[in-house]
Amino acid sequence: MTPPRVRFAPSPTGYLHVGGARTALFNWLFARHTGGTLVLRIEDTDRERSTDAHTQVILDGLGWLGLDWDEGPIFQGTLAERHRADALRLLAEGKAYRDYLTADELAVAREAATAAGETFRFDRTRLALPAAEVARREAAGAPYAVRFAVPDAEIAWDDAVHGRISWQGRDLDDFIILRSDGSAIYNLAVVSDDAAMAITHVIRGDDHISNTPKQIALYRALGYDVPIFAHVPVILGQDGKKLSKRHGATAIGDYQDMGILAAAMRNFLALLGWSPGNDDEILPEAELIARFGLDQIQSKPAVFDTTKLEWMNGQYLSSLPADELVAPVLRELTRLGVSTRAERVAPIIEVVKARARTVTMVAEAVRVRMPGVEIIREPKGDALAAKMGERFGKNLRLATENLEPIPEEGWTAPELERDLLALAEARGLKLGDLMQPIRVALTGGTVSEPVHELLAVVGRGESLRRIAAAIAAPG
RNA sequence: GGCGCUAUCGUCUAGAGGCCUAGGACACAGCCCUCUCAAGGCUGGAACACGGGUUCGAAUCCCGUUAGCGCUACCA
């Protein structure tokens with residue numbers, strides 16, 4: 001069996017939507033799983049709305065997700081001649097016909113039908129102009145559109161995700177394949193391209209189901225092999241409506257900005273509408289590729305759950321080595337206006353990553369642990385100081401007395417832990433009463449990694465300075 | 001309106017006639033661990049849209065109803 005050829009064909013009329021990204025991911029997983037070829041085709045035939053900037057955003061988004069392609073990007077705009085030739089061939093073979101009706105005349109007919117409470121249908125016999133009028137317009141060189149004569153027969157296919165889907169040709173209008181300006185309409189262009197590119201599996205959004213019978217009719221009329229279709233359901237927002245800007249982040253770039261890791265995004269998107277068949281949730285790239293299959297794609301739409309995405313991101317944050325997080329964290333720190341180096345940041349990431357759900361949270365935690373930065377006092381930190389009253393400052397002074405003698409070389413997590421534990425023991429202090437004030441002094445808040453690790457990562461000088469400041473300016 | 005698609009916990013899903021008094025994950029609640037918070041562990045509440053069939057037996061097959069969504073362009 002020859003390896004499959006699939007394609008991802010976005011329109012550069014906007015950013016890369018999560019739905020589009022998932023379609024791309026499914027195509028990519030299928031290609032990688034089967035050893036097939038993924039073609040990237042940019043469908044830029046809508047000249048009004050297509051822009052190079054959008055194309056770039058889409059390419060960037062795919063790159064961020066780690067999705068690569070084997071052929072392309074091919075710009076559909078450059079293929080117009082072949083589209084036209086296919087349409088003209090259909091015309092020559094009598095499988096399509098000229099329609100001299102102008103767009104305005106068509107609109108009038110449509111309105112009339114709607115006003116009469118009827119369903120508007122393009123009726124070949126009823127709407128067609130009288131022969132004399134056709135001849136007159138033809139002689140005058142009037143522009144015409146080309147309509148495909150849909151055969152009155154059953155059009156059915158075995159969809160890889162939905163099973164058998166069947167339509168009656170008579171339920172389809174004779175649709176236009178060539179505009180009066182000579183350019184091809186989407187349905188024809190897609191068929192022409194997919195056939196020319198020898199695409200074997202069309203994996204695309206559910207919203208194309210109703211285009212499929214038209215396209216199959218076109219494949220048949222043109223004598224091309226009909227590919228296998230796999231229609232992937234749409235992604236919905238929390239309210240069950242199609243995911244849109246109203247729901248907040250929908251562009252793939254938004255998630256990058258939110259501090260989502262590409263690996264987590266990929267994993268999450270894969271599980272949205274696809275299942276490996278068992279209870280596994282965390283599936284690294286290789287696993288995804290190994291287990292992916294069209295038949296495990298869900299046939300109903302899925303609601304996008306940002307909370308679960310963040311949970312998954314937290315899982316990746318915890319398990320990924322700090323080294324792999326340095327780049328995204330550095331990127332985020334730059335956005336926060338902090339410039340630093342990888343060597344400084346890596347050890348801090350190591351101790352804070354387990355507690356974070358997003359790269360943004362990691363970056364913020366890293367920032368707070370760097371010398372000379374301003375500490376933002378959190379309400380909980382103040383509340384603790386207030387609750388402890390005098391003991392807050394007293395315990396901090398006690399801690400200082402014990403920590404100050406520790407030399408720079410001894411300022412390590414194990415050493416500090418031993419020292420702090422001994423102090424609490426000696427003074428009969430509850431561990432929390434000793435540790436929490438230090439935590440508040442160093443971070444402003446009540447949550448962090450274990451205090452000895454925190455002290456180690458912040459460093460001797462900065463730690464002592466922050467504790468002193470907290471003693472001087474209590475809650 | 002017509003045509004088509006879909007229907008398991010709040011959400012993502014497992015389930016391809018008996019293994020289902022329906023399993024897992026997120027979220028939620030409680031407990032454990034613990035200097036805090038995460039993580040982790042344990043426990044709990046929570047679903048087969050409805051109605052008919054078929055069958056010894058149905059979440060699983062068929063039909064209908066309801067609901068949601070998509071298309072119905074000289075957009076893609």
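Chain naming here is simple, since letters A, B, ... match the order of the sequence lines and numbering starts at 1 in each. Source: prediction; values computed, not measured.
- Contact check, R179(A) against C75(B): a side-chain N or O comes under 4.0 Å of OP1 or OP2.
- Taking side-chain N and O atoms only, K308(A) has no distance below 4.0 Å to OP1 or OP2 of U13(B).
- Closest contact between the side chain of I165(A) and the listed nucleotides G4(B), C35(B), A27(B) involves G4(B).
- The phosphate of A27(B) has OP1 or OP2 within less than 4.0 Å of a side-chain N or O from R357(A).
- Of the nucleotides present, U6(B) is the one that pairs with A67(B) by Watson-Crick or G-U wobble criteria, both distances under 3.5 Å.
- Comparing G18(B) with A76(B), their P atoms sit 48 Å apart, to the nearest whole Å.
- A sub-4.0 Å separation between OP1 or OP2 of A14(B) and a side-chain N or O of Q298(A) is present.
- One can find a donor-acceptor pair under 3.5 Å joining the base of G24(B) and the side-chain atoms of E281(A).
- Both Q76(A) and A354(A) lie near RNA chain B, and the one whose nearest nucleotide falls closer to the 5' end is A354(A).
- The side-chain tip of R147(A) does not point at the ring of Y97(A) from less than 6.0 angstrom away and within 45° of straight on.
- Spacing of C1' atoms, C19(B) relative to G44(B), comes out at 25 Å, to the nearest Å.
- Note: F148(A) and F175(A) have tilted aromatic rings, judged against thresholds of 30 and 60 degrees for the angle between ring planes.
- Counting atom types as modelled, S180(A) pairs a side-chain N or O with a base atom of C74(B) as donor and acceptor under 3.5 Å.
- Separating the P atom of G30(B) from that of G23(B) is a span of 23 Å, rounded to the nearest Å.
- L271(A) comes within 4.0 angstrom of the backbone, heavy atoms only, and of no base.
- Look at the P atom in both G57(B) and A14(B): the space between them is 28 Å, to the nearest Å.
- In this structure, H452(A) and N211(A) both approach RNA chain B, and ranking their closest nucleotides by distance from the 5' end singles out H452(A).
- Phosphate contact (OP1/OP2 of C12(B), side-chain N/O of Q296(A), threshold under 4.0 Å): absent.
- A14(B) makes up no base pair with any nucleotide shown, lacking Watson-Crick or G-U wobble contacts both under 3.5 Å.
- The nearest whole Å value for the distance from the CZ atom in R137(A) to the P atom in C74(B) is 16 Å.
- The aromatic rings of F292(A) and F30(A) sit perpendicular, their planes meeting at an angle over 60°, well past the 30° parallel limit.
- Close to A76(B), at under 4.0 Å from its OP1 or OP2, lies a side-chain N or O of T45(A).
- Between the side chain of D279(A) and the base of G23(B), a donor-acceptor pair under 3.5 Å is found.
- With P as the reference atom, A16(B) and A22(B) are 16 Å apart, rounded to whole Å.
- Of the P atoms belonging to C69(B) and C37(B), the separation is 43 Å, rounded to the nearest Å.
- A side-chain donor from one of T250(A) and Y15(A) sits under 3.5 Å from a side-chain acceptor of the other.
- Checking R291(A) against N278(A) by side-chain atom types alone, a donor-acceptor pair falls below 3.5 Å.
- The pairing partner recorded for G1(B) is U72(B), the criterion being a Watson-Crick or G-U wobble arrangement whose two distances lie under 3.5 angstrom.
- Residue S275(A) places at least one side-chain N or O closer than 4.0 Å to OP1 or OP2 of A14(B).
- Remark: H162(A) is in phosphate contact with U6(B), judged by side-chain N or O atoms under 4.0 Å from OP1 or OP2.
- Base pairing annotation: C48(B) forms no Watson-Crick or G-U wobble pair, as no partner gives both donor-acceptor distances under 3.5 Å.
- For the pair S50(A) and A76(B), the criterion of a side-chain N or O lying under 4.0 Å from OP1 or OP2 is not met.
- Side chain to side chain, N211(A) and Y186(A) fail the donor-acceptor criterion of an N or O pair below 3.5 Å.
- Side chain to side chain, D159(A) and H231(A) meet the donor-acceptor criterion of an N or O pair below 3.5 Å.
- Interface remark: the R147(A) side chain does not form any donor-acceptor pair with the C74(B) base, using a distance-only criterion of under 3.5 Å.
- Counting atom types as modelled, N187(A) pairs no side-chain N or O with a base atom of A76(B) as donor and acceptor under 3.5 Å.
- As a whole-Å value, the separation of N278(A) CG from G15(B) P is 9 Å.
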